[in-house]
Amino acid sequence: MTTPPHRSTALSVVVPVFDEEEVLPLFVARLRPVLDGLGQERDYEVLVVDDGSTDATPVLLQRELRSWPQLRVVRLRANAGHQAAISAGLARAGGELVVTIDADLQDPPELIADMVDVARRESLDVVYATRSDRSSDTRFKRVTAHGYYDTMRRLGADHGPTHAGDFRLMSRATVEAVNALPEHHRVLRLVVPSLGFPSAVLSYRRDERAAGRSKYPFTKMLRLAVDSITGASLAPLRLATWLGFLGALVALGLLVYALVGFAVGLTVPGWTSTFMVVTAVGGVQLLCLGIMGEYVGRTYTMQLDRPTYHVAHDSGEPEAR
Ligand code: UDP
Ligand code: MG
């Protein structure tokens, strides 16, 4: 799945895009001057991973390719999701430094210059960009984001700086360490801090999406949350064990109650308690099965070893030129 980078550059910028026809021209207009102005003889590449867009995104990208020599477009056959799209970009990025950034201009491209500066000056492997202010996010997004980071912290998962999403700079060594991981549904904002490489944090104001709508519906957010939890911790499995213990204790109490009831001849009334026990036990059992199922599913997909994305076309491959 991993194609080794075929040319090295000073900086790669990896951009996952999915149905971003509205925002793409604005993004290019803001990103290009930043990169052209970095003062390294334009020795950079921009790796846009088109995550199976069905709107005019591929057409717009083809047009950009003609006038922007540093642009490389990798098109995935089908929508593989944000994290898989970034992974596809990281597997192909040849930069000594690699920045990942969203296309919707919520992450300001101008910060890339500062990230590169800090990384070079302090010889760091990772520079996280954290959102100092989320007031431009919807209330729902803010509440769910808080819940997410709080849960991850409680589970003991090192998620790096809070509210650092996928806007970050990584050194070549970091990217290679990430690419070498066999994990399939990796959540990069957890994987990168877990490496423990020297890092710094820059904070920025998160802007509103410049155009278009969020490509992260609730189902995708939920998937990311489940992947994050199962990828970072076995705590839910332990919770299942404790629920089992608790259930056994309650059962023991009820057994004594039933035996005493039988001995004193109080056995007929009890529809409510029977009903409650059956539904509660059933519910807890299903919950525990579901928790185990998530881990079994992860093991299963690892066993199948199917790629998480398929590349349809890569403008950087020699035969595609
Ligand atoms: N994205 C992607 N594949 C997806 C969903 C999103 O490549 O299945 C891209 C999207 O085009 C954007 C980035 O991932 O560049 C973040 O998505 P979005 O801004 O919609 O997420 P939000 O900021 O609402 O969480
Ligand atoms: Mg966004």
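From a predicted model like this one, the values you see are computed outputs, not experimental measurements.
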Nearest-0.5 Å distance that lies between atom CD1 in Ile229 and atom CG in Leu224:
10.0 Å
Is there a side-chain contact between Ile86 and Val49 in this structure, where contact means two heavy atoms from C-beta onward sitting under 4.5 Å apart?
no
Any chain of hydrophobic side-chain contacts (each under 4.5 Å) joining Phe18 to Leu90?
no
Compare all side-chain heavy atoms of Val28 with those of Trp68 and state whether any distance is below 4.5 angstrom.
yes
Whether Ser315 side chain and Arg72 backbone form a donor-acceptor pair below 3.5 Å:
no
Could you tell me how the ring of Phe218 sits relative to the ring of Phe140: parallel (under 30°), tilted (30 to 60°) or perpendicular (over 60°)?
tilted
For His146, all residues meeting ring pair (Phe, Tyr, Trp, His ring centres under 6.0 Å), sequence neighbours excluded
His163
Met170 and Asp125: side chain to side chain contact (heavy atoms under 4.5 Å, CB included), yes or no, with the steps?
CA-CA 6 Å; Met170 288 175 273; Asp125 278 300; over 6 Å; no
How about Tyr204 and Phe167: are their ring centres within less than 6.0 Å of each other?
yes
Measure the CD-CG distance between Glu183 and Leu188 for me, rounded to the nearest 0.5 Å.
9.0 Å
Consider only side-chain heavy atoms of I, L, V, M, F, W and Y, link residues closer than 4.5 Å, and tell whether Val175 and Leu181 are in one cluster.
yes
What are the two closest heavy atoms between Gly94 and Arg172, and how far apart are they?
C-NH1, 3.5 Å
Salt bridge or not for Glu110 and Arg30, using N-O below 4.0 Å?
yes
Side chains of Asn79 and Lys215 only: does a donor on one sit below 3.5 Å from an acceptor on the other?
no
So, the side chain of Asp51 versus the backbone of Ala80: is there a donor-acceptor pair under 3.5 Å, distance only?
yes
Look up atom CG in Leu35 and atom CG in Leu71, then write down how far apart they are to the nearest 0.5 Å.
11.0 Å
Beyond-backbone contact of Leu47 with Arg92, side-chain heavy atoms, under 4.5 angstrom
yes
Check ion pair Arg298-Glu294 (N to O, under 4.0 angstrom):
no
Can any side-chain N or O of Arg186 pair as donor or acceptor with the backbone N or O of Val178 at less than 3.5 Å?
yes
Do you see a donor-acceptor pair shorter than 3.5 Å between the side chains of Gln83 and Asp227?
no
Is the closest side-chain heavy-atom distance between Arg131 and Gln106 below 4.5 Å?
no
Give a yes or no on whether Val187 and Leu222 share a hydrophobic cluster (residues Ile, Leu, Val, Met, Phe, Trp, Tyr; joining criterion: side-chain heavy atoms under 4.5 Å apart).
yes
State plainly whether one hydrophobic cluster holds both Leu246 and Leu239, where clusters connect Ile, Leu, Val, Met, Phe, Trp and Tyr through side-chain heavy atoms under 4.5 angstrom apart.
no
Salt-bridge contact Arg209-Glu20 (side-chain N to carboxylate O under 4.0 Å)
yes
Would you compute the distance between atom CZ of Arg213 and atom CG of Asp104 and round it to the nearest 0.5 angstrom?
13.5 Å
Quick check for you: to the nearest 0.5 Å, what is the distance between Leu24 atom CG and Leu61 atom CG?
5.0 Å
Might you work through the side chain to side chain contact (heavy atoms under 4.5 Å, CB included) test for Thr100 and Arg168, ending with a clear yes or no?
CA-CA 6 Å; Thr100 52; Arg168 79 175 79 73; 3.9 Å; yes
So Tyr128 and Val192, do their side chains get closer than 4.5 Å, heavy atoms only?
yes
Hydrophobic clustering (ILVMFWY, side-chain heavy atoms < 4.5 Å, transitive) - are Tyr295 and Met302 grouped together?
no
Considering only heavy atoms from C-beta outward, does the side chain of Val34 approach that of Asp36 to under 4.5 Å?
no
Please check this pair: side chain of Arg75 against backbone of Ser53, looking for a donor-acceptor N/O pair closer than 3.5 Å.
yes
Please tell me if the side chains of Glu21 and Leu60 come closer than 4.5 Å, counting only heavy atoms from C-beta onward.
yes
Spacing of CG belonging to Asp107 relative to CZ belonging to Arg206, to within rounding of 0.5 Å:
5.0 Å
Does Asp19 reach the main-chain N or O of Asp55 with its side chain, forming a donor-acceptor pair under 3.5 Å?
yes
Between Ser12 and Gly95, is there a donor-acceptor pair closer than 3.5 Å when you use the side chain of the first and the backbone of the second?
yes
If you define the side chain from C-beta out and look only at heavy atoms, does anything of Leu76 sit under 4.5 Å from Asp50?
no
Over all atoms of both residues, closest heavy-atom pair of Leu155 and Ala235
CD2-CB, 3.4 Å
Qualifying residue, where the test is side chain to side chain contact (heavy atoms under 4.5 Å, CB included) with Ile112 and the options are Ile101, Asp117, Leu97:
Ile101
If you take all heavy atoms of Ala103 and Val17, which pair is closest and at what distance?
CB-CG1, 3.4 Å
Thr241 side chain vs Leu237 backbone, donor-acceptor pair below 3.5 Å
yes
I'd like to know if the side chain of Tyr149 and the backbone of Ala164 have a donor-acceptor N/O pair within less than 3.5 Å.
yes
